[in-house]
A.B. asks: 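Dropping a structure here in structure tokens format, bear with me for questions.
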Amino acid sequence: LKVTAVVPAAGSGTRMGGSTKKQFLTIGGTPILAHTLMRLAESPEVTEIIPVLPPDELEALLDSCVECSGVSKVKRVVPGGKTRQESVYNGLKALGPDVEYVMVHDGVRPFVPLELIEALLHALPGHDGAILAVPSKDTVKEVNHDCMVCRTLDRKMVYLVQTPQVFRRDVILDAYRRAFADGFHGTDESSLVERIGGKIKVVMGSYANIKITTPEDMALADAIYNKEKGDAPKLRAAGGSR
Ligand code: C5P
């Protein structure tokens with residue numbers, strides 16, 4: 001498959017506190033977004049990456065992050081919108097005419113393993129989309145606005161959804177057009193495709209594929225980074241790809 005990746009990274013990162021937007025905080029001296037771009041670029045099937053960046057700092061960020069990642073698959077960047085959904089839509093509108101498959105991946109998920117990107121792409125044929133998700137370790141309850149329990153979901157059937165999410169181009173474009181026309185707002189791409197009847201395959205993700213959101217996540221991110229760095233020589237010795 002030939003895939004274009006849209007990477008929303010235009011959030012204000014207000015839950016992180018501090019003045020640096022979270023996608024540009026560093027892990028091991030490299031901005032989070034640069035880590036993310038390098039991961040996606042490892043996949044031979046991802047032929048172009050379109051980062052969606054905060055509009056006010058587009059040029060500066062292009063230099064500091066996109067160029068520092070050294071990723072030649074980034075040929076252009078796109079300004080983000082007020083919501084994640086708007087940011088992704090801006091990325092989708094920038095797709096070239098010959099793009100057949102679109103992957104969307106959060107700029108703040110720097111640890112997605114190449115094996116999972118590949119597993120996701122292999123799962124896509126025959127479906128409208130494929131998404132990474134992990135089984136919930138906790139019991140999940142639906143509550144009402146007063147925080148009273150409505151019901152308990154069967155934990156075996158509950159998955160926590162991550163990115164990347166990958167779709168056929170015509171399907172995700174149609175889903176986005178119709179969501180905006182209907183005033184529907186979803187928290188992931190798949191929910192937009194589901195509501196127009198799309199069939200989505202769930203592929204096992206990884207608990208290490210975290211989304212960096214709050215300050216506690218930075219400590220976890222450093223720990224995952226250091227562990228992966230420590231594991232890398234062992235993996236190579238065992239014939240692994242990294
Ligand atoms: O806010 P949340 O944690 O869901 O953000 C997920 C990703 O979406 C982040 O990489 C963030 O930068 C991006 N985002 C965006 N445009 C917005 C809000 C969030 O690209 N307006």
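Owing to the predicted nature of the structure, the values given are computational and were not obtained by experimental measurement. Numbering starts at 1 and runs along the sequence shown.
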A.B. asks: Going through the distances and angles, do Leu153 and Lys141 end up as a side-chain contact (heavy atoms from CB on, under 4.5 Å)?
C.D. replies: CA-CA 6 Å; Leu153 304 178; Lys141 295 191 194 283; over 6 Å; no
A.B. asks: Would you check if the distance from the ring center of Phe167 to the ring center of Tyr101 is below 6.0 Å?
C.D. replies: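 No, too far apart.
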A.B. asks: Kindly determine whether Ile224 and Leu220 satisfy side-chain contact (heavy atoms from CB on, under 4.5 Å), including the steps that lead there.
C.D. replies: CA-CA 6 Å; Ile224 295 171; Leu220 184 56; 4.1 Å; yes
A.B. asks: Minimum heavy-atom separation for Asn90 and Gly81, please, with both atom names.
C.D. replies: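 Residues Asn90 and Gly81, closest heavy atoms: ND2-N, 3.8 Å.
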A.B. asks: To check you understand the geometry: which heavy-atom pair defines the closest contact between Leu1 and Leu121, and what is its length?
C.D. replies: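 Looking at all heavy atoms of both residues, the closest pair is CD1-O, 3.6 Å.
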A.B. asks: With a cut-off of 6.0 Å (strictly less than), are more than 12 heavy atoms of other residues, nucleotides or ligands near OH of Tyr159?
C.D. replies: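 Atom OH in Tyr159 is not packed in, count stays at 12 or less.
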A.B. asks: Is Leu92 reachable from Ile49 through a run of I, L, V, M, F, W or Y residues, each pair having side-chain heavy atoms under 4.5 Å apart?
C.D. replies: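 Cluster IDs for Ile49 and Leu92 differ.
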A.B. asks: Is Gln85 reaching over with its side chain to a backbone N or O of Thr187, donor-acceptor style, under 3.5 angstrom?
C.D. replies: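 No, the answer is negative, given that no donor and acceptor are paired below the 3.5 Å cut-off.
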A.B. asks: Answer yes or no: is there a donor N or O on one side and an acceptor on the other, between the side chain of Ser43 and the main chain of Leu40, under 3.5 Å?
C.D. replies: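 Not confirmed, Ser43 side chain does not pair with Leu40 backbone.
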A.B. asks: Under 4.0 Å between a side-chain nitrogen and a carboxylate oxygen: does that hold for Arg76 and Glu48?
C.D. replies: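 Salt bridge between Arg76 and Glu48, a charged N being under 4.0 Å from a carboxylate O: yes.
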A.B. asks: Check for me, please, whether Val161 and Leu120 land in the same ILVMFWY cluster - side-chain distances under 4.5 Å, paths through other members count.
C.D. replies: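 The answer is no; the residues belong to distinct hydrophobic clusters.
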A.B. asks: Decide yes or no on salt bridge (charged side-chain N to carboxylate O under 4.0 Å, His left out) for Arg169 and Glu100, but give the supporting numbers first.
C.D. replies: CA-CA 5 Å; Arg169 171 230 179 83; Glu100 282 183 275; over 6 Å; no
A.B. asks: Can you tell me if Glu86 uses its side chain to pair, donor with acceptor, with the backbone of Lys82 under 3.5 Å?
C.D. replies: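 Yes, because the side chain of Glu86 sits within donor-acceptor range (under 3.5 Å) of the backbone of Lys82.
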A.B. asks: Are side-chain heavy atoms of Pro79 and Val52 found at a separation under 4.5 Å?
C.D. replies: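 No. Closest side-chain heavy atoms not under 4.5 Å.
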A.B. asks: Which one of Thr163, Ile131, Thr4, Val88 satisfies the side-chain contact (heavy atoms from CB on, under 4.5 Å) criterion with Val104?
C.D. replies: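 When side-chain contact (heavy atoms from CB on, under 4.5 Å) is applied between Val104 and each of Thr163, Ile131, Thr4, Val88, only Val88 qualifies.
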A.B. asks: Does Gln165 reach the main-chain N or O of Ser190 with its side chain, forming a donor-acceptor pair under 3.5 Å?
C.D. replies: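 At least one qualifying donor-acceptor pair exists.
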A.B. asks: Give the cluster check for Met218 versus Ile210: same hydrophobic cluster or not, with ILVMFWY residues linked at side-chain heavy-atom distances below 4.5 Å.
C.D. replies: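 Yes, Met218 connects to Ile210 through the hydrophobic network.
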A.B. asks: Classify the ring geometry between His35 and Tyr225 as parallel (under 30°), tilted (30 to 60°) or perpendicular (over 60°).
C.D. replies: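 His35 vs Tyr225 ring planes: perpendicular.
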A.B. asks: Main chain of Ile200, side chain of Asp128: is a donor-acceptor contact present, judged purely on distance under 3.5 Å?
C.D. replies: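 Checked: no pair found.
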A.B. asks: Report yes or no: is the cationic atom of Arg195 (NZ for Lys, CZ for Arg) closer than 6.0 Å to the six-membered ring centre of Phe184, at no more than 45° off its axis?
C.D. replies: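 Cation-pi check for Arg195 and Phe184: passes.
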A.B. asks: Using only atom types and a distance under 3.5 Å, with no angle test, would you say the side chain of Gln23 pairs donor to acceptor with the backbone of Leu33?
C.D. replies: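 Answer holds: no.
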A.B. asks: Do Thr213 and Val108 pass the side-chain contact (heavy atoms from CB on, under 4.5 Å) test, and can you show the C-alpha distance, the side-chain angles, and the key distance before you say yes or no?
C.D. replies: CA-CA 8 Å; Thr213 306; Val108 290; 5.7 Å; no
A.B. asks: Starting from Val3, can I reach Leu124 by hopping between I/L/V/M/F/W/Y residues whose side chains sit under 4.5 Å apart?
C.D. replies: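 Same cluster: Leu124 reaches Val3 through Ile, Leu, Val, Met, Phe, Trp or Tyr contacts under 4.5 Å.
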A.B. asks: Quick one: does Asp174's side chain have a donor or acceptor within less than 3.5 Å of a partner on Asp170's backbone?
C.D. replies: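 Such a contact is absent between Asp174 side chain and Asp170 backbone.
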A.B. asks: Looking only at non-hydrogen atoms, find the nearest pair between Asn144 and Cys150 and report the distance.
C.D. replies: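 Looking at all heavy atoms of both residues, the closest pair is N-SG, 3.5 Å.
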A.B. asks: Looking only at the side chains, is there a donor atom on one of Thr214 and Glu216 sitting less than 3.5 Å from an acceptor on the other?
C.D. replies: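 The answer is yes; a qualifying pair exists.
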A.B. asks: Please report the interatomic distance CD1(Ile196) to CG(Leu192), rounded to the nearest 0.5 Å.
C.D. replies: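 The distance works out to 8.5 Å.
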A.B. asks: Distance alone, cut at 3.5 Å: any donor-acceptor contact between the side chains of Lys2 and Thr47?
C.D. replies: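 Short answer, no.
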A.B. asks: Determine whether Phe24 and Pro54 make a side-chain contact, defined as any pair of heavy atoms from C-beta on separated by less than 4.5 Å.
C.D. replies: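 Yes, close enough: below the 4.5 Å cut-off.
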A.B. asks: Which heavy atom of Asp138 sits nearest a heavy atom of Arg155, and at what distance?
C.D. replies: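 In this case the closest contact between Asp138 and Arg155 is O-CD, 3.2 Å.
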A.B. asks: For residues Ile50 and Ile32: do they belong to one hydrophobic cluster (side chain heavy atoms under 4.5 Å, members Ile, Leu, Val, Met, Phe, Trp, Tyr)?
C.D. replies: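 Shared cluster, no.
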A.B. asks: Looking only at side chains, do Glu189 and Tyr176 share a donor and an acceptor under 3.5 Å apart?
C.D. replies: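 Per modelled atom types, Glu189 and Tyr176 side chains form a pair under 3.5 Å.
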A.B. asks: Does any part of the side chain of Val102, heavy atoms only, come nearer than 4.5 Å to the side chain of Val6, both counted from C-beta?
C.D. replies: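 The answer is yes, as the side chains (C-beta and beyond) meet within the 4.5 Å cut-off.
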A.B. asks: Kindly indicate whether a cation-pi arrangement holds for Lys211 with Phe111, taking the cut-offs as under 6.0 Å to the six-membered ring centre and within 45° of the axis.
C.D. replies: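 Negative - Lys211 is either too far from the ring of Phe111 or too far off its axis.
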A.B. asks: Between Thr30 (side chain) and Thr26 (backbone), is there a donor-acceptor pair under 3.5 Å?
C.D. replies: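 Pair absent, no side-chain N/O of Thr30 close to backbone of Thr26.
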A.B. asks: Identify the heavy atoms of Leu116 and Met204 that sit nearest to each other, and give their distance.
C.D. replies: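 Taking every non-hydrogen atom into account, CD2-O, 3.6 Å.
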A.B. asks: Would you call Asp106-Arg84 a salt bridge at under 4.0 Å N-O?
C.D. replies: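 Arg84 and Asp106: salt-bridged.
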A.B. asks: Do the side chains of Pro135 and Val158 get nearer than 4.5 Å, heavy atoms only?
C.D. replies: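 Side chain of Val158 against side chain of Pro135, heavy atoms only: no contact under 4.5 Å found.
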A.B. asks: Can you measure from NZ (Lys73) to CD (Glu42) and round to the nearest 0.5 angstrom?
C.D. replies: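 One gets 9.0 Å once the value is rounded to the nearest 0.5 Å.
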A.B. asks: In terms of heavy-atom contacts, does NZ of Lys93 have more than 12 from other residues, nucleotides or ligands at under 6.0 Å?
C.D. replies: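 Above 12, so yes.
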A.B. asks: Is there side-chain contact between Ile212 and Ile27, with heavy atoms separated by less than 4.5 Å?
C.D. replies: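 Heavy-atom side-chain distance check passes, below 4.5 Å.
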A.B. asks: Pick from Gln162, Arg39, His105: which one makes a side chain to side chain donor-acceptor pair (under 3.5 Å) with Asn209?
C.D. replies: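 Running side chain to side chain donor-acceptor pair (under 3.5 Å) over Gln162, Arg39, His105 with Asn209 returns exactly one hit, Gln162.
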A.B. asks: To the nearest 0.5 Å, how far apart are CZ in Arg168 and NE2 in His127?
C.D. replies: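 These two atoms lie 11.5 Å from each other.
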A.B. asks: Can you name the nearest heavy-atom pair linking Val112 to Pro164, along with the distance?
C.D. replies: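 Looking at all heavy atoms of both residues, the shortest contact is CG2-CD, 3.6 Å.
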A.B. asks: Does any N or O in the side chain of Asp154 come within less than 3.5 Å of the main-chain N or O of Lys156, such that one atom is a donor and the other an acceptor?
C.D. replies: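 Yes, Asp154 side chain to Lys156 backbone: donor-acceptor pair under 3.5 Å.
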